[in-house]
Amino acid sequence: MKSEPDVYSIDDLAAKSPAMWEGCRNYTVRIFFRDQMAIGDLAFFYSSNADPSGIAGVMQIVSEAYPDPTQFDPNSHYFDPKSPVEAPRWVLRDVAFLEKFKRVIPLAELKEHPGLQEMMVVKKGQRLSVMPVTPEEWGIVMAIPGIRG
DNA sequence: GCCAACGTTGGC
DNA sequence: GCCAACGTTGGC
């Protein structure tokens with residue numbers, strides 16, 4: 001799950017956890033939130049538009065999907081005037097901070113890893129802000145030396 | 001329902 | 001700041 005650290009960093013999550021993963025405005029991501037996640041699932045916190053961009057740590061899904069309140073807030077950057085309160089268009093889930101890696105695992109390092117060639121975030125042109133990770137990919141990333149305390 | 005134009009994402 | 005990739009919009 002991607003976030004720009006300038007907007008919301010893993011330290012922000014660590015400071016106030018759990019938190020709403022707000023602002024996703026993409027129909028594919030909506031399906032992931034609604035149907036592809038379960039309470040207790042683990043997720044990588046991916047820092048995008050960062051130096052370096054890459055995996056910064058681990059969090060956990062701790063709620064079911066429910067309407068993202070920012071879509072109804074005219075003062076919010078994520079306000080969607082086309083989303084009626086009675087039929088909300090966008091959902092989110094609550095996430096809880098679990099762990100910050102000792103270093104960010106840069107995207108370039110993920111791309112070089114022989115076991116991660118099929119990982120969705122590594123694929124060219126892939127811009128979704130939320131993407132699935134297979135158990136195998138999860139294990140490979142977590143086993144990278146020197147990232148865990 | 002097609003598709004060109006436009007906007008956004010996000011790595012580099 | 002550039003630009004590839006791709007989603008969305010809107011005219012027809």
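Below, chain A is the first sequence line, B the second, and so on; all start at residue 1.
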task = Decide yes or no for A/Arg103 and A/Ile147: does some side-chain heavy atom of the first lie under 4.5 Å from some side-chain heavy atom of the second?
result = yes
Any luck finding a side-chain donor-acceptor pair between [X] and [Y] under 3.5 Å?
{"X": "A/Trp21", "Y": "A/Asp94", "value": "no"}
{"X": "A/Asp68", "Y": "A/Thr70", "value": "yes"}
{"X": "A/Ser48", "Y": "A/Glu4", "value": "no"}

task = Using atom types as modelled and distance alone, determine if a side-chain donor or acceptor of A/Arg25 lies under 3.5 Å from a backbone N or O of A/Tyr78.
result = yes
task = Give a yes or no on whether the ring-centroid distance for A/Tyr66 and A/Trp90 is below 6.0 angstrom.
result = no
key: Check: A/Phe44 ring centre within less than 6.0 Å of A/Trp138 ring centre   = yes
task = Check each residue of residues 110-124 of chain A for a non-hydrogen atom within less than 4.0 Å of any atom in DNA chain C, then write out the ones that pass by number, or none.
result = A/Lys124
ask   = Do any of residues 77-94 of chain A sit with a heavy atom less than 4.0 Å from DNA chain B, and if so which?
value = none
ask   = Along DNA chain C, 5' to 3', what are the outermost nucleotides having an atom less than 4.0 Å from a heavy atom of chain A?
value = C/dA5 to C/dT9
task = Just do the side-chain contact (heavy atoms from CB on, under 4.5 Å) check on A/Phe32 and A/Leu128 with the steps written out, would you?
result = CA-CA 11 Å; A/Phe32 291 154; A/Leu128 292 175; 3.9 Å; yes
ask   = If you round to the nearest 0.5 Å, how far is CD1 of A/Ile55 from OG of A/Ser47?
value = 10.0 Å
ask   = Can you tell me how far the CD atom of A/Glu64 sits from the CG atom of A/Leu92, to the nearest 0.5 Å?
value = 12.5 Å
